[in-house]
2 protein chains.
Amino acid sequence: MPPAQVIPLHAEPALFNPQTRICAECGVRKFALLGVVDLADLDRVHTHISSIKLSPGQSLYSAQAPGLAAFTLRSGIVRLERTSERGERRILRLAGASDLVGMEAMLGQTYAADAVACTDVEVCRLPRSLIEELARQQPELPLNLMKRWQSALDDADEWMTELCAGAARHRMLRLLLKLTEYAEGDRVWLPSRQEMSAMLDMTIETASRLVSQLKREGVLDTPDQRHAVIHNDALMAALRSDSLSA
Amino acid sequence: MPPAQVIPLHAEPALFNPQTRICAECGVRKFALLGVVDLADLDRVHTHISSIKLSPGQSLYSAQAPGLAAFTLRSGIVRLERTSERGERRILRLAGASDLVGMEAMLGQTYAADAVACTDVEVCRLPRSLIEELARQQPELPLNLMKRWQSALDDADEWMTELCAGAARHRMLRLLLKLTEYAEGDRVWLPSRQEMSAMLDMTIETASRLVSQLKREGVLDTPDQRHAVIHNDALMAALRSDSLSA
DNA sequence: CGGGACCTTGAGGCCTCTCAAACTTTGTGG
DNA sequence: CCACAAAGTTTGAGAGGCCTCAAGGTCCCG
């Protein structure tokens, strides 16, 4: 359950379902899939949304498992990963607050990847039947879903062009830049070296060497093991000088 | 125009629009987006489908251009590519017969990548308004579109795990395997070394060396510069022994 | 026949991997 | 609270894979 601070609802109609109240107060709702849905409609629906909390390393769902629900991220970062035919784990992309993951469940398909929490994570579970029921009342919902599919595809394409190609140092710099997109405050989540290596297709040792080097260069500081402060101008300067030499 | 062999339409109702007749005779229609659409509905629609032919290297659409139509591939292979911020071209994935490309146009967005013909290509141009008009009559159409988005995402994810990671030789073997998916007969399209290097993130020289080596090993033959015969058992054996040593 | 685009091959060097060891952090139990 | 184990990180040295630079070959087309 999310931390249910009971804030009075002013202009909203009376809501009967306690979960709907939580939705009404949700900080990411207006950016999320159900942001287009009337709270009143949501309140009338039979299937229930449930809130789930995960700790780093915990799995949200697994590839090949029957997809019964999609999930909206309320906070934290989730990684989507796959195991290659050679048996190596590869991180495909990250999802952050207000992102929707596991959309393939809406098509009755099995999940296409593993979803694992990178940080403490809060998600809302949206069962397939809920979305279908709401879609009947809200014709915009399928359109919003399609836009989310396209934006997942854009993310995948960007990941591919920027994080999968070029020298190791350059890929690491691009990763740091990407991590700032998921920042909460001035600190960003700093992946483990293992995670970095699975995202950037390099060894743990190379990832470690690069992070150490960039720390020495003043591109980032690590107040603790799982957080970094990234100095944007130094990062940008490093990226620029990197492009020149290439 | 596609080669319009006039085959009599038996049980079908009379079709008035000459393009609809071409659709009726299209070899890939039942696998394509409009496979779920009644020919009679298609015949009544105001917006027109048009057929386009492209030669290798010709552009179907460009990234950032306003997306006015999606395209169903009737034959040939199209590559989707992007230019990274460093200015390097990267091939993201391939599309083959019955695939739908440029779906982002259905959302009123600009195209997310460049689409370029790799071989001789025939496509059907499906304007946005056509899809919207048909969707009103055919509620299955949006669902089919969503499935295609998901499958594009699956392709992107598979490309990422299998073609973007590991040793150069392994990536090349995986590419040859992928090319067999687009085979017409026993010959597969063999990309130029330039294209290979943009798909696998390696230099032209490395791609050339690997192809030469695999030819010597009997994994493939090249009857001409743009085609190969791939010997599946040798390819599989190479992939297996590759995984063992890793 | 000459030029251009593409492919192939070689030599040398750098980047990244492999293997190994030491260090740091985290968690557990005394 | 400390000791210890386990996991994760850092650093080094050496090897090897891939890149760079360069030259020569092949095919196609004017």
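In what follows, chains are A, B, ... by sequence order, proteins preceding strands, each numbered from 1. Values below: all heavy atoms of this structure, side chains included; hydrogens, waters and symmetry mates excluded.
The aromatic rings of A/Y111 and A/F71 lie tilted to each other, with the angle between the two planes from 30° to 60°.
For B/R169 (side chain) and B/L210 (main-chain N/O), no donor-acceptor pair under 3.5 Å exists by modelled atom type.
Side-chain N/O atoms of B/E205 and base N/O atoms of C/dC7 include no donor-acceptor pair closer than 3.5 Å. No hydrogens or angles were tested; on distance alone, a donor-acceptor pair under 3.5 Å links the side chain of A/R209 to the base of C/dT18.
Residue A/T206 has a polar side-chain atom (N or O) positioned under 4.0 Å from OP1 or OP2 of C/dC17. For the pair A/S192 and D/dG8, the criterion of a side-chain N or O lying under 4.0 Å from OP1 or OP2 is not met. Contact between the side-chain N/O atoms of A/S212 and the OP1/OP2 oxygens of D/dT11 is found at a separation under 4.0 Å. Between B/R226 and D/dC27 there is no side-chain N or O to OP1 or OP2 distance below 4.0 Å. For C/dT8, one of the phosphate oxygens OP1 or OP2 lies less than 4.0 angstrom from a side-chain nitrogen or oxygen of B/R193.
Proximity note for A/R216 (side chain, C-beta onward) versus C/dT16, D/dT11, C/dT25: the nearest is D/dT11.
Atom-to-atom, CE of B/M172 to C1' of C/dC7 comes out at 13 Å; the value is rounded to the nearest Å. Atom pair B/Q194:CD and C/dA5:P shows a separation of 12 Å (rounding to whole Å applied). Spacing between atom NZ of A/K215 and atom P of D/dT9 amounts to 10 Å, rounded to whole angstrom units. Counting to the nearest Å, the C1' atom of D/dC18 and the CG atom of A/D201 are 14 Å from each other. Distance, A/D242 CG to C/dC15 C1': 13 Å, rounded to whole Å. In this structure, CG of B/D224 is placed 13 Å from C1' of D/dC28, rounded to the nearest angstrom. Atom pair B/L210:CG and C/dT9:P shows a separation of 12 Å (rounding to whole Å applied). Rounded to an integer number of Å, the gap from NE2 of A/H170 to C1' of D/dC19 is 17 Å.
With B/P191 as the fixed residue, the side-chain contact (heavy atoms from CB on, under 4.5 Å) test singles out one of B/R226, B/R79, B/M199: B/M199.
Between A/Q225 and A/G166, the residue anchored nearer the 5' end of DNA chain C, judged by the nucleotide with its closest heavy atom, is A/G166.
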Residue pair A/C164, A/R90: steps toward the side chain to side chain contact (heavy atoms under 4.5 Å, CB included) verdict: CA-CA 11 Å; A/C164 281; A/R90 189 80 214 274; 3.6 Å; yes
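When all heavy atoms of A/W159 and A/K178 are compared, the pair lying nearest together is CZ3-CD, 3.6 Å.
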